[in-house]
There are 2 protein chains.
Amino acid sequence: MDWSIQDIAKFAGTTSRTLRHYDDVGLLPPSRVGSNGYRYYDELALVRLQRILMLRDLGLGIPAIADVLAGERDDGHALRAHLAWLQQERQRIDRQISAVESTIDSIEGGEQLMAEKMFDGFDHTQYKEEVEARWGKKSYADSDAWWRAKSDAEKAEFRTFAAELGFDWMVAAGDGVAPDSETAQALAKRQADWLSTIPGAPGYGTGAPTKEYFTGLAEMYVADERFAANYGGIENARFVRDSMLEYAERQL
Amino acid sequence: MDWSIQDIAKFAGTTSRTLRHYDDVGLLPPSRVGSNGYRYYDELALVRLQRILMLRDLGLGIPAIADVLAGERDDGHALRAHLAWLQQERQRIDRQISAVESTIDSIEGGEQLMAEKMFDGFDHTQYKEEVEARWGKKSYADSDAWWRAKSDAEKAEFRTFAAELGFDWMVAAGDGVAPDSETAQALAKRQADWLSTIPGAPGYGTGAPTKEYFTGLAEMYVADERFAANYGGIENARFVRDSMLEYAERQL
DNA sequence: GTAGAGGTTGACGCAGCGTCAATGTCAAGC
DNA sequence: GCTTGACATTGACGCTGCGTCAACCTCTAC
């Protein structure tokens with residue numbers, strides 16, 4: 001005794017389309033196919049279908065379902081693999097949930113998005129403590145006052161310049177040029193010139209940063225991941241540092 | 001100042017293909033397109049890309065990302081909707097995890113899969129307590145002994161018959177026929193005949209179940225969801241009950 | 001004979017790109 | 001001016017698991 005595709009589908013709580021799909025992928029061939037091409041299913045097929053649907057509800061994909069149904073004693077393996085998968089998924093979801101929550105909090109608190117903060121990495125005033133510890137409170141205060149006095153347009157321009165420079169560093173690093181190459185040294189010069197325009201920076205007004213300041217910064221770039229991020233990762237930061245040190249040796 | 005698609009991609013930690021995709025879907029058009037068709041991106045585009053990637057990491061889909069980036073003050077809404085989504089997903093995963101765990105346990109314990117149990121619903125010995133409470137301990141013991149004496153092949157045959165009958169009930173119910181229709185009454189007769197062949201069932205040996213037993217069973221089918229499941233859900237079970245009650249009135 | 005319910009085999013759609021494939025561009029070296 | 005190689009472009013298929021037409025048989029019932 002067997003039944004039509006619709007009967008089986010309704011009984012099992014699924015659709016005839018799904019049954020045809022399972023036939024197509026070889027997961028559940030009909031027990032019989034009429035001369036007219038109609039699919040018919042018997043009790044055995046129905047039992048198999050029930051199992052399939054149960055496993056599907058557990059979240060298994062079609063290949064995994066096939067595995068479970070194929071290996072009589074391999075059940076444990078396929079299901080356990082799926083379990084591990086699920087647990088990993090749960091961790092991912094959990095991380096995303098907390099990340100989304102903190103993002104919402106940030107926005108409500110009027111803070112800017114993380115991504116925006118990134119480019120503010122070029123705003124050295126972010127690193128108050130490091131700056132004060134290395135070059136003194138006055139240095140920081142001067143820089144800070146200078147920065148605050150800028151208009152929004154000026155700030156944007158400053159950021160743009162920083163972004164370009166950081167970017168060009170990265171491109172150079174990606175191209176695999178050497179730290180003592182002309183390209184790298186030109187970038188180091190741009191960086192030095194730029195730094196010397198910032199009040200509070202050691203060397204301000206002399207047209208170039210002091211050697212100590214410049215090499216200190218170079219080391220900081222690799223030591224502090226927040227800086228490294230501005231240059232496209234730690235590897236690039238190392239390239240930047242080496243180029244800057246080379247430049248300091250030669251020019252400062 | 002702007003950079004090539006590769007430069008931007010590498011800097012942001014993604015691929016040029018992704019950037020082209022974002023252009024295609026209108027999420028991130030390049031800031032400039034050369035006469036040769038090349039895409040170029042400036043700092044503004046880069047900032048936007050950073051945001052996009054951050055939101056993507058939070059699990060948002062492209063339309064959701066577009067929403068967040070579009071509505072300056074709608075951020076909260078889109079993100080909160082996504083948060084609700086995530087929490088719902090987590091619940092689903094949790095349910096699947098516990099379901100998979102219990103399934104593994106069942107298999108290890110040598111039990112059969114849920115799906116297999118379903119058809120054993122026709123094995124009335126599953127319902128020891130109900131049977132004893134309604135029709136006495138002797139009735140259950142007789143049935144049980146009879147069932148145990150059967151060979152596997154006989155059991156399979158019995159189940160097949162039960163499956164067919166249950167199935168045909170469902171099909172009839174699905175067709176919307178009336179309980180007093182010829183079709184329904186014929187099914188009720190099949191059911192009655194079948195029941196009368198089971199030792200321990202009230203009416204065994206007389207060629208027909210007793211009216212009390214038959215009507216009692218009918219009520220049990222709707223009262224107990226485990227039975228209802230055998231007929232394709234509670235609605236069908238009600239149809240089965242009504243047909244059986246009608247049959248009992250007329251024939252028993 | 002005809003209507004209506006139900007069956008069949010394609011084939012597109014969805015989400016977000018990965019991955020060719022065929023072809024145009026540009027900078028660099030000979 | 002030509003070659004080479006790196007990088008750009010625009011298609012278009014693939015993946016997951018079916019939902020959803022579409023065009024076209026088949027069977028049953030009146």
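All values below come from the heavy atoms of this structure, side chains included, with hydrogens, waters and symmetry mates left out. Chain letters run A, B, ... following the sequence lines, proteins first and then strands; every chain starts at 1.
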- Check ion pair A/R32-A/D42 (N to O, under 4.0 angstrom): no

- With B for base contact, S for sugar-phosphate-only contact and - for none (protein heavy atoms under 4.0 Å), nucleotides 24-30 of chain D reads --BS---

- Note on the structure: Per side-chain contact (heavy atoms from CB on, under 4.5 Å), B/Y41 is matched among B/L49, B/L46, B/I5 by B/I5

- Identify whether any heavy atom of A/G61 sits under 4.0 Å from a base atom; if not, whether one sits that close to sugar-phosphate; answer base, sugar-phosphate or nothing. sugar-phosphate

- Note on the structure: Separation of D/dC18 atom P from A/L49 atom CG, nearest Å, is 11 Å

- Whole-Å gap separating P (C/dC14) and CD1 (B/I62): 13 Å

- Should the pair B/Y40 and B/Y38 be assigned to parallel (<30°), tilted (30 to 60°) or perpendicular (>60°) ring geometry? tilted

- Task: Report the distance from atom CD of B/Q6 to atom P of C/dC26, rounded to the nearest whole Å.
- Result: 17 Å

- Would a 4.5 Å heavy-atom cut-off, applied to side chains only, mark A/Q50 and A/F11 as touching? yes

- Query: Between D/dG17 and A/R56, is there an OP1 or OP2 to side-chain N/O distance shorter than 4.0 Å?
  - Reply: no

- Can you check whether A/S4 has a side-chain N or O nearer than 4.0 Å to OP1 or OP2 of C/dG7? yes

- Query: Would you say A/T18 reaches D/dG19's phosphate, i.e. side-chain N/O to OP1/OP2 under 4.0 Å?
  - Reply: yes

- Would you call B/K189 and B/D193 a salt bridge, taking side-chain N to carboxylate O under 4.0 Å as the test? yes

- Message: Rounded to whole Å, please give me the gap between CG in B/L60 and P in C/dC17.
- Response: 12 Å

Close N/O contacts between protein and nucleotides 19-23 of chain C (under 3.5 Å):
| residue | atom | partner | partner atom | Å |
| --- | --- | --- | --- | --- |
| C/dT19 | O4 | B/R17 | NE | 2.7 |

- Note on the structure: For B/Y247 and B/A192 the tightest heavy-atom approach is CE2-CB, 3.7 Å

- Task: Check step by step if side-chain contact (heavy atoms from CB on, under 4.5 Å) holds for A/L55 and A/L79.
- Result: CA-CA 9 Å; A/L55 292 170; A/L79 281 176; 4.3 Å; yes

- Within a radius of less than 6.0 Å around CD of B/Q87, do more than 12 heavy atoms belonging to other residues, nucleotides or ligands occur? yes

- Whole-Å distance, A/L28 CG to D/dC18 C1', equals 15 Å

- How close or far is atom P of C/dG7 from atom CG of A/D23, stated in whole angstroms? 14 Å

- Message: Under the side-chain contact (heavy atoms from CB on, under 4.5 Å) test against B/I52, which residue among B/V68, B/D57, B/T14, B/I65 passes?
- Response: B/I65

- Message: Please confirm whether the shortest side-chain N or O distance from A/T15 to OP1 or OP2 of D/dG19 is below 4.0 Å.
- Response: yes

- Item | Distance, rounded to the nearest Å, where B/D24 contributes CG and D/dG11 contributes C1' | 10 Å

- Message: Distance check needed: C/dG7 P versus A/W3 CH2, whole Å only.
- Response: 15 Å

- Message: Base, sugar-phosphate or nothing for A/Y22? Non-hydrogen atoms, less than 4.0 Å.
- Response: sugar-phosphate

